[in-house]
Visitor: 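I am attaching a structure below and will ask some questions about it afterwards.
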Amino acid sequence: MPELPEVETARRVLERELSGSRIETVDVRQPRIVARPSASAFGTAVTGRTVAGFGRRGKYLHMHLDGDGTVVVHLRMTGHLSVAEAGAPEAPHTHLCMAMADGRELRFADPRRFGRLWLVATGDEGSCCASGLGLEPWDPRLTGGFLRERLGRSSRAVKACLNDQGIVAGIGNIYSDEILFCAGIRPDTPGNLLSSADFERLAELIPERMGFFTEMNAVTPEEYAEDAGRRYRNTPYLRVYGRAGQPCDVCGTALVRSVVGGRGSVHCPRCQPPA
DNA sequence: GCGAATGTTCGCTT
DNA sequence: CAAGCGAACATTCG
C-alpha cells in the first residue's frame with residue numbers, strides 16, 4: 001500500500017491520537033513480523049513505555065518512546081496501522097496489538113506479512129534499512145546536479161533509480177510513474193541518456209508530486225479510522241498508475257503498460273517519447 | 001485458474 | 001569487485 005505519502009498520513013493521525021499515551025500490554029501474534037530484537041524481548045521492552053511522538057524517514061515510520069528507544073515500522077506492500085477501542089472488530093491478519101492505558105489499541109495488520117517492526121535505540125533508526133536511505137524529497141540538496149551525479153553515469157532505467165531508496169527515500173512504484181509522466185520521460189530511459197534539463201525537471205517534480213499526493217491523502221483521525229487506514233484518498237488524482245489502456249488525460253493516446261526494473265509501469269507513448 | 005499487486009533483501013551473473 | 005537482475009517472501013483480488 002504505502003509509499004511516503006501514505007506513511008505520512010498514518011504518521012499525522014497517530015501523532016494526534018497516541019502522543020503521550022502509555023502502552024500497557026503488547027500482544028505479538030505473528031513473531032516473524034518483529035525483525036529485531038526477538039518478539040518476546042520486543043514486547044517486554046515496549047510494555048509500560050509512554051509514546052513520545054511519531055516521525056518518518058522515507059517509508060519508515062518512527063514511534064519514539066519516552067527515554068531511549070524507537071519502534072520503527074515498515075508497512076511494505078499491504079501493511080496498515082490503526083487505532084481502535086479495545087474489543088472493536090479487528091481487521092483480518094492483525095498480527096500485533098498494543099493496548100494503551102486509556103482503553104484504545106494500536107493495531108498492525110498485514111495480509112501478506114511482508115511488513116516489519118524493529119525496536120532500536122533512538123538515533124539508530126537508519127539501521128533498519130540495510131542499504132541506507134537517500135534524501136527526503138524536500139531536501140534542498142536534491143538538485144538537478146545531484147540527480148545527474150547519481151543517475152547520469154549509469155545505464156540503469158530512470159524509473160529503477162527513482163525507486164532506489166538509497167538515492168531519494170520514499171518514492172515507490174506508483175509515484176515514480178506519476179513523476180515520470182509529468183516530466184515527459186519514458187520510464188525505461190537509461191539515466192545516462194537524460195539531459196541536464198531532464199534532471200532539473202525531475203528535481204522540481206519529485207518534491208512537487210510527493211507533496212501533492214501527501215496532501216491529497218490527508219484525512220481526519222475519524223476518516224482514517226473508518227477503514228483502519230486502508231483506503232487512500234489520493235488515488236483519484238493518479239494520472240497513469242493503474243490506468244493502462246485508458247486515454248492519456250493530456251493527449252488522449254491509450255496509456256501503455258510495460259515492465260521496467262521488474263515492476264509494472266504505465267506511461268503515455270506520446271507524452272513520454274523514447275529517448 | 002492465472003496473473004499481478006503500493007517493497008525489500010538476498011544470491012547469482014555480468 | 002560493483003552493478004544489476006530475478007527470485008523469494010505470502011495472500012488477495014480481478
Side-chain angles (χ1 to χ4, degrees), chain A residues 1-11 29-36 56-61 72-81 91-95 108-118 125-134 137 149-181 187-192 209-210 212-214 216-217 227-246 255-266:
Chain A
M1 303 185 103
E3 301 180 27
L4 185 156
E6 294 75 34
V7 177
E8 178 61 19
T9 296
R11 190 200 69 76
R29 302 175 196 169
Q30 177 59 255
R32 60 180 301 158
I33 64 160
V34 180
R36 181 158 31 110
R56 180 196 54 73
R57 180 82 169 86
K59 305 171 192 173
Y60 291 80
L61 180 74
V72 179
V73 184
H74 198 301
L75 301 170
R76 294 281 177 96
M77 296 283 266
T78 53
H80 49 102
L81 289 164
H93 307 287
T94 297
H95 303 311
F108 170 79
D110 185 357
R112 290 169 77 173
R113 295 187 233 165
F114 289 173
R116 290 291 180 271
L117 295 90
W118 300 254
E125 293 85 359
S127 67
C128 300
C129 179
S131 44
L133 291 175
E149 223 169 82
R150 298 300 304 268
L151 280 59
R153 280 189 290 270
S154 158
S155 62
R156 194 179 181 198
V158 59
K159 162 151 169 158
C161 298
L162 293 185
N163 286 345
D164 185 338
Q165 302 301 295
I167 301 174
V168 179
I171 304 172
N173 201 41
I174 293 176
Y175 302 121
S176 58
D177 275 6
E178 295 298 317
I179 290 163
L180 289 168
F181 172 74
D188 65 356
T189 308
N192 57 15
R209 286 289 89 187
M210 297 303 277
F212 172 79
F213 284 107
T214 298
M216 291 303 106
N217 199 48
D227 45 58
R230 280 172 292 188
R231 184 179 138 214
Y232 299 144
R233 325 266 158 164
N234 55 12
T235 46
Y237 303 94
L238 298 173
R239 301 174 73 181
V240 285
Y241 181 86
R243 298 190 54 204
Q246 296 178 38
L255 300 174
V256 170
R257 181 186 185 278
S258 64
V259 176
V260 178
R263 312 297 304 276
S265 302
V266 183

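Within every chain, numbering begins at 1; the chains are lettered A, B, ... in the order of the sequence lines, protein sequences first and strands thereafter.
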Visitor: Using both pair distances under 3.5 Å as the test, note the stems of at least 3 consecutive Watson-Crick or G-U pairs that include DNA chain C.
Guide: B:2-5 with C:11-14, B:7-14 with C:2-9
Visitor: Would you say dT9(B) has OP1 or OP2 under 4.0 Å from some side-chain N or O of Ser131(A)?
Guide: yes
Visitor: Nearest 0.5 Å, please: how far is CZ in Arg11(A) from CZ in Arg57(A)?
Guide: 14.0 Å
Visitor: Please state whether the phosphate of dA10(C), meaning OP1 or OP2, lies under 4.0 angstrom from any side-chain nitrogen or oxygen of His93(A).
Guide: no
Visitor: Report which part of the nucleic acid Arg32(A) touches: base, sugar-phosphate, or nothing (heavy-atom distance under 4.0 Å, all strands).
Guide: sugar-phosphate
Visitor: Using the six-membered ring for Trp and the full ring for Phe, Tyr or His, decide whether Phe114(A) stacks on the six-membered base ring of dC9(C) (centres under 5.5 Å, planes under 30°).
Guide: yes
Visitor: Report yes if the side chains of Phe114(A) and His74(A) come closer than 4.5 Å at any heavy-atom pair, otherwise no.
Guide: no
Visitor: Of the options dT12(C), dT8(B), dA10(C), whose atoms approach the side-chain atoms of Pro111(A) most closely?
Guide: dT12(C)
Visitor: Please check the phosphate of dG7(B) (OP1 and OP2 only) for any side-chain N or O of Arg263(A) closer than 4.0 Å.
Guide: yes
Visitor: Assess the side chains of Ser155(A) and Asn192(A): does a donor N or O sit below 3.5 Å from an acceptor N or O?
Guide: no
Visitor: With rounding to the closest Å, how many angstrom separate the P atoms on dT12(C) and dT8(B)?
Guide: 22 Å
Visitor: With heavy atoms under 4.0 Å as the rule, sort Tyr241(A) into base, sugar-phosphate or nothing.
Guide: sugar-phosphate
Visitor: Please state the P separation for the pair dC1(C) and dT9(B) - nearest whole angstrom.
Guide: 23 Å
Visitor: Does Tyr60(A) reach the side chain of Leu133(A), with side-chain heavy atoms less than 4.5 Å apart?
Guide: yes
Visitor: Look at Ser154(A) and dG4(C) and indicate whether a side-chain polar atom (N or O) is within less than 4.0 Å of OP1 or OP2.
Guide: yes
Visitor: Say we look at dG1(B) and dC9(C): how far apart would their C1' atoms be, to the nearest angstrom?
Guide: 22 Å
Visitor: Is the phosphate of dG7(B), meaning OP1 or OP2, less than 4.0 Å from a side-chain N or O of His74(A)?
Guide: no
Visitor: Can a donor-acceptor pair be found, under 3.5 Å and without considering hydrogens, that links the side chain of His93(A) to the backbone of Ala91(A)?
Guide: no
Visitor: Between Glu6(A) and Asn234(A), is there a side-chain donor-acceptor contact under 3.5 Å, judged purely by atom types and distance?
Guide: yes
Visitor: For nucleotides dG6(C) and dA4(B), find the distance between their P atoms and express it as a whole number of Å.
Guide: 14 Å
Visitor: Are any of Gln165(A)'s side-chain N or O atoms less than 4.0 Å away from OP1 or OP2 of dT8(B)?
Guide: yes
Visitor: Map Trp118(A) and Gly264(A) onto DNA chain B by nearest heavy atom, then report which one ends up closer to the 5' terminus.
Guide: Gly264(A)
Visitor: Quick one: does Arg32(A)'s side chain get under 4.5 Å of Arg116(A)'s, heavy atoms only?
Guide: yes
